[in-house]
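To start, the structure itself, in structure tokens.
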Amino acid sequence: MRNNTYNLLRDKFNVSEPVLKLIEKSEQEVEERFADLDDIMAYNQYKVLDAFQKNGIRDMHFSWNTGYGYDDPGRDAIERVYADIFNTEAALVRPIIVNGTHALTLTLMGILRPGDELIYCTGAPYDTLEEVIGIRGEGKGSLKEYGVSYKQVELTSDGRIDFDALKEAISPATRMITLQRATGYGWRKAISIEEIEEWTSFVKGIRPDIVCMVDNCYGEFLHVKEPTDVGADVIAGSLIKNPGGGLALTGGYIAGRADLIEKISYRMTSPGIGGECGLTFGQTRTMLQGLFIAPKTVNGAVKGAILCAKAFELMGFEVCPKFDDTRSDIIQAVKLGTPEGVIAFCQGIQAAAPVDSHVTPEPWDMPGYDDPVIMAAGAFVQGSSIELSADAPIRPPYVVYFQGGLTYEHSKFGVIKALQQLYDKKLINIQ
């Protein structure tokens with residue numbers, strides 16, 4: 001850390017000398033990892049650029065239609081760009097998809113039919129999917145209520161797909177097997193592209209007709225390949241995570257085989273209309289510009305996650321993944337061990353925000369979650385987890401999940417403020 005920056009953080013932001021020295025030491029020890037990340041970023045930047053040029057993106061694609069949205073050139077163009085980037089036959093990219101959970105729900109309900117069986121092969125799904133599947137809640141339109149059965153295959157003790165257990169779970173009714181790439185609120189590393197390739201090959205070797213679906217949230221542009229490059233039939237994610245680059249105001253995407261995308265589009269609107277209608281409300285400019293800068297934005301977020309891992313490792317905390325592990329999502333989990341530690345960490349992240357930095361986050365009963373959840377996100381786009389944020393369910397062993405930062409410098413500042421908050425509350429002792 002250069003003297004000017006060091007002095008500014010100390011004098012302007014009241015960051016203590018022990019915290020700054022810990023960050024300096026951590027940064028020095030992770031710098032070698034950053035070169036590999038920069039190469040992945042450059043590859044993805046040029047891949048995105050190629051898709052823009054191939055599809056002739058021009059100013060007219062930033063205008064918008066009214067009414068039904070027939071023949072919306074911007075909508076059609078952005079969906080072709082996504083299909084090219086993810087190496088698929090088709091894509092849906094819409095602001096009317098309200099979040100990642102909605103994109104995943106459309107995918108599940110668009111493909112699955114009464115009597116079909118869904119298998120999650122990475123343990124429990126993310127909390128908000130439990131009511132969609134029918135694991136908890138009162139039904140109210142869940143897959144269970146529509147006659148879709150569900151099985152769950154736990155990961156092995158070292159966080160890998162249990163292929164023996166998965167083979168045993170597959171039945172004649174199995175229609176789809178879903179893999180959640182990111183950690184969610186679990187204590188595991190994200191599933192790597194190499195393991196996704198092994199999984200798709202394994203499933204197709206048993207039954208080629210089984211749909212391999214990947215929840216790709218938080219995983220885009222972490223590798224030079226995406227799940228659909230290595231055999232996944234369909235993927236889904238949120239535009240206010242990685243691929244929106246911090247500029248998309250809302251939305252989600254689904255990309256995959258054309259026949260599957262057509263079925264999903266009928267669930268999104270109605271049979272017979274599918275993807276032919278639906279306004280983009282003038283959002284194509286920010287959606288495309290955000291996508292263009294997404295590889296660089298994701299690069300900064302991953303670097304920040306690695307710095308976070310190293311700093312908290314040096315403080316004696318368990319972290320997942322470790323700073324030198326291969327990354328397959330932007331999430332960094334830190335096991336703080338107490339609710340006070342989790343709350344202080346999140347309050348530090350909020351204090352680092354450019355928006356609403358004066359707000360003090362507290363746990364609350366959020367819809368879709370089974371435990372009180374604390375969320376820190378002083379973002380330009382509400383709920384945007386490619387921007388600096390942290391969240392955690394308030395339950396043992398009290399793990400906080402850190403992610404995002406539109407630039408590495410801001411992600412780094414989030415780590416600094418989280419440490420400072422813990423230090424000020426005497427929850428850590430920095431030597």
- To the nearest 0.5 Å, how far apart are SG in C217 and OH in Y253? 7.0 Å
- Item | Parallel, tilted or perpendicular: ring planes of W64 versus F281, cut at 30 and 60 degrees | tilted
- Message: Checking S16 against Q420: is there a side-chain donor and acceptor pair closer than 3.5 Å?
- Response: yes
- Query: Backbone N or O of Q283 within a donor-acceptor pair of the T280 side chain at under 3.5 Å?
  - Reply: no
- List the steps and the verdict of side-chain contact (heavy atoms from CB on, under 4.5 Å) for F13 and I416. CA-CA 10 Å; F13 291 97; I416 290 170; over 6 Å; no
- Query: Between E79 (side chain) and V93 (backbone), is there a donor-acceptor pair under 3.5 Å?
  - Reply: yes
- Task: Mind checking side-chain hydrogen bond (donor to acceptor under 3.5 Å, both in side chains) for K204 and listing every partner two or more places apart, or none if nothing turns up?
- Result: D233
- What residue pairs, at least two apart or across chains, pass side chain to side chain donor-acceptor pair (under 3.5 Å) with a residue in residues 108-118? E117-K151, E117-S171, E117-T174
- Query: Okay, side chain of E226, backbone of N87: is any donor-acceptor separation there less than 3.5 Å?
  - Reply: no
- Message: Can a donor-acceptor pair be found, under 3.5 Å and without considering hydrogens, that links the side chain of R136 to the backbone of D127?
- Response: yes
- Item | Side-chain H-bond candidate by donor/acceptor type, N299 with Y408, under 3.5 Å | no
- Item | Donor-acceptor contact below 3.5 Å, side chain Q180 vs main chain N216 | no
- Message: With a 3.5 Å distance limit and no angle check, can you tell me whether R94 reaches the backbone of G275 through a side-chain donor-acceptor pair?
- Response: yes
- Contacts of Y423 that satisfy ring pair (Phe, Tyr, Trp, His ring centres under 6.0 Å) - sequence neighbours left out: none
- Task: State whether the side chain of H410 and the backbone N or O of G404 hold a donor-acceptor pair below 3.5 Å, judged by distance alone.
- Result: no
- V355 and E387, any side-chain heavy atoms less than 4.5 Å apart: no
- Looking only at atom types and distance, does a side-chain atom of D162 sit under 3.5 Å from a main-chain N or O of T156, one as donor and one as acceptor? no
- In terms of heavy-atom contacts, does NZ of K335 have more than 12 from other residues, nucleotides or ligands at under 6.0 Å? yes
- Query: Going by atom types only, do Q403 and S389 share a side-chain donor-acceptor pair under 3.5 Å?
  - Reply: yes
- Note on the structure: When rounded to the nearest 0.5 Å, the distance separating CD1 of I40 from NZ of K225 is 12.5 Å
- Item | Spacing of I264 atom CD1 and T107 atom OG1 [to the nearest 0.5 Å] | 4.0 Å
- Message: Within this structure, what is the CG-NZ distance for the pair L106 and K263, rounded to the nearest 0.5 Å?
- Response: 15.0 Å
- Could you tell me whether the side chain of M41 reaches within less than 4.5 Å of the side chain of V298, counting heavy atoms only? no
- Item | Flag for Q152-Y150: side-chain donor and acceptor within less than 3.5 Å | yes
- Residues at least two apart in sequence or cross-chain that pass side-chain hydrogen bond (donor to acceptor under 3.5 Å, both in side chains) with R327, listed by chain then number, are Q332
- Message: I'd like to check the side chain to side chain contact (heavy atoms under 4.5 Å, CB included) partners of R285; sequence neighbours left out, ordered by chain and number.
- Response: D59, F62
- Item | Under 3.5 Å: donor-acceptor pair, side chain of R181, backbone of D329 | no
- Message: Has E27 got a side-chain atom pairing as donor or acceptor with I23's backbone, closer than 3.5 angstrom?
- Response: no
- With E17, which residues qualify under side-chain hydrogen bond (donor to acceptor under 3.5 Å, both in side chains), at least two apart? Y6, R10
- Evaluate the ring pair (Phe, Tyr, Trp, His ring centres under 6.0 Å) criterion for residues F402 and F312: first the C-alpha distance (whole Å), next the side-chain angles of each, then the deciding distance (0.1 Å), finally the verdict. CA-CA 12 Å; F402 168 86; F312 279 87; 8.6 Å; no
- Message: Nearest 0.5 Å, please: how far is CG in L419 from CG in L427?
- Response: 11.5 Å
